[in-house]
Amino acid sequence: MTHTAGQSALPAGSDPREHARALHRVRLRALSGAEPPQAVRTVIGASWRRARRRGLDPGHAPEVPPLGGGDLARRRAASGLEPLMPLLRTRLLPAAEAAGQIMVVADDEGRVLWREGGPDVRHRADRLGFVEGSAWDESSVGTNAIGTSIVTGEAVHVFGPEHYAESHTPWTCAAAPLHDPVTRAPLGVVDLSGPAHTVHQSTVSLVDAVARLVELELRAESDARLAVLREVAGPVLARVGGPAVVVAPDGATAAARGVDVPGRVWLPAGLEPGELWLPALGRWSAEALPGGWLLRPAGRPGGGGVEDGEGGSAASVVLDLRSRPARLRVAGDDGAWEHRLTPRHAELVAALAAHPEGLSAAQLAAEVFGDAGRTVTVRAELSRLRRALGPLLAHQPYRLAVPCTTLPPP
């Protein structure tokens, strides 16, 4: 049993009942602290360890009350997922109903926002407490596809006794995260769940494929908005003198002239017209445009740096691992920024925060992956991270240019 996240929980050619019995023996010994007769899947073992560290009792059902109607409605509106529901219903709901399962959509904190499917399986889910408004993050209920996919940032299949809570072991579930195609921030999770006898090897692949399809739709919508903004940007950039950048409200770069900028600029929350300091650029000024912002250097031409010209700087950096997803918060003279991190980026930033003197790519690979040879992966991930953090992320060796306070998970 050495499958990883994103792969089926059911080995090829195996009998689900026999596999469930084998998993049950593994689960009993592993959760009691004894050496199991065979290895549990890596993604499941890691999740069980997280649940034990949080003090969760696998033998008792969690008591996290579901959200009331008003709170649920507000969560739905805040998630931004409601426009995606028609596509998810078209692509996944027929498969769920044919398999005797339910389709579930949760927000990025693991709260169930929508739950749809046949009446029989919905009634079974009711008895489990798997209802709209319920909490299915790992901190609340331990190992499950929704909560574990939020932590790993990958599609996850959990079958029967792989669940941490005893009451959940009669179920199977497959979930995949949804990400904003521009910021890569987690949006939520889509899941298919049902009684354990409905398990199928292809379920996790189906859910993951639909999640990627949704992200492609979101990317197409973002590209369409950027195309409109580029039409506005052309005349504006032709009129202004010197370097300038036009960005969308989410920071996506629509057009630039006379300056090399990343594909997305990390904008502060509640951006208003005027001078400001930008993590990736330095001290610039912002001017509102229809559908976006015009950015131009202020102070020294081109800006640039963790501390720039006219006194703009990153005064403090906080890595908050208590939230799901983890967040990097930067406060400066001109405002505050919050960047939601993928699980992998959170691990990298945490390692750098713990080593202010800096780490080489090999040392980072050993810290994060337990394998000093995975330097290519480390460099690729840090390159993506630098597009958001700019000069806050230094190199040779890799380090944070400003001291960082880490708030550890509970």
Side-chain angles (χ1 to χ4, degrees), residues 1-28 30-31 36-51 88 91-106 110 117 121 124-125 128 130 136 138 141-166 168-179 188-215 343-344:
M1 292 183 221
T2 57
H3 308 281
T4 59
Q7 293 182 326
S8 174
L10 192 64
S14 64
D15 178 88
R17 290 169 297 183
E18 289 294 331
H19 188 54
R21 283 192 283 270
L23 283 173
H24 186 65
R25 292 191 293 270
V26 171
R27 181 178 185 277
L28 287 177
L31 294 184
Q38 57 192 116
V40 71
R41 291 192 296 149
T42 301
V43 66
I44 301 301
S47 178
W48 285 356
R49 289 191 292 274
R50 287 191 294 270
L88 291 171
R91 298 293 182 171
L92 274 184
L93 192 53
E97 292 175 335
Q101 297 186 336
I102 50 176
M103 181 187 79
V104 177
V105 178
V121 68
R124 289 194 183 202
L128 189 65
F130 196 11
W136 287 79
E138 276 196 346
V141 299
T143 307
N144 72 95
I146 291 173
T148 304
S149 70
I150 290 174
V151 173
T152 65
E154 299 176 301
V156 173
H157 197 190
V158 179
F159 172 58
E162 289 182 328
H163 288 90
Y164 187 79
E166 180 70 33
H168 300 170
T169 58
W171 279 70
T172 182
C173 49
L178 299 167
H179 294 96
V189 178
V190 60
D191 167 87
L192 290 183
S193 292
H197 71 265
T198 66
V199 66
H200 195 283
Q201 282 183 304
S202 65
T203 305
V204 67
S205 297
L206 172 63
V207 172
D208 194 34
V210 171
R212 304 293 76 76
L213 176 63
V214 168
E215 291 180 357
R344 185 65 71 215

For this session: Measure from the side-chain N and O atoms of W48 to the backbone N and O of E162, and report whether any donor-acceptor pair falls under 3.5 Å.
Result: yes

For this session: Check whether any side-chain N or O of E138 sits under 3.5 Å from a backbone N or O of G147 as a donor-acceptor pair, and report yes or no.
Result: no

Exercise. Which word best sums up how the rings of F159 and H19 line up, parallel for under 30°, tilted for 30 to 60°, or perpendicular for over 60°?
Worked result: parallel

Problem set entry | side-chain contact (heavy atoms from CB on, under 4.5 Å) assessment of C173 paired with H163 | CA-CA 9 Å; C173 49; H163 288 90; 3.2 Å; yes

Exercise. In this structure, which one of I146, V104, I150 forms a side-chain contact (heavy atoms from CB on, under 4.5 Å) with W136?
Worked result: I146

For this session: Identify which one of L192, V214, L213 satisfies the side-chain contact (heavy atoms from CB on, under 4.5 Å) criterion when paired with L92.
Result: L192

Does some side-chain heavy atom of [Y] sit less than 4.5 Å from a side-chain heavy atom of [X]?
X	Y	value
T143	R50	no
W171	R124	yes
E166	R27	yes
V210	V190	no
E18	R21	yes

For residues [X] and [Y], report the shortest heavy-atom separation together with the two atoms involved.
X	Y	value
A174	H157	CB-CD2, 3.7 Å
Q201	P11	NE2-C, 3.3 Å
P161	T169	CA-CG2, 3.8 Å
R17	D15	N-OD2, 3.0 Å
A176	R212	CB-NH1, 4.5 Å
V189	S149	CG1-OG, 3.5 Å

Exercise. Between OG1 of T172 and CG of N144, what distance do you get to the nearest 0.5 Å?
Worked result: 11.5 Å

Problem set entry | Audit row: Q101, T203, side-chain contact (heavy atoms from CB on, under 4.5 Å) steps and yes/no | CA-CA 11 Å; Q101 297 186 336; T203 305; 4.1 Å; yes

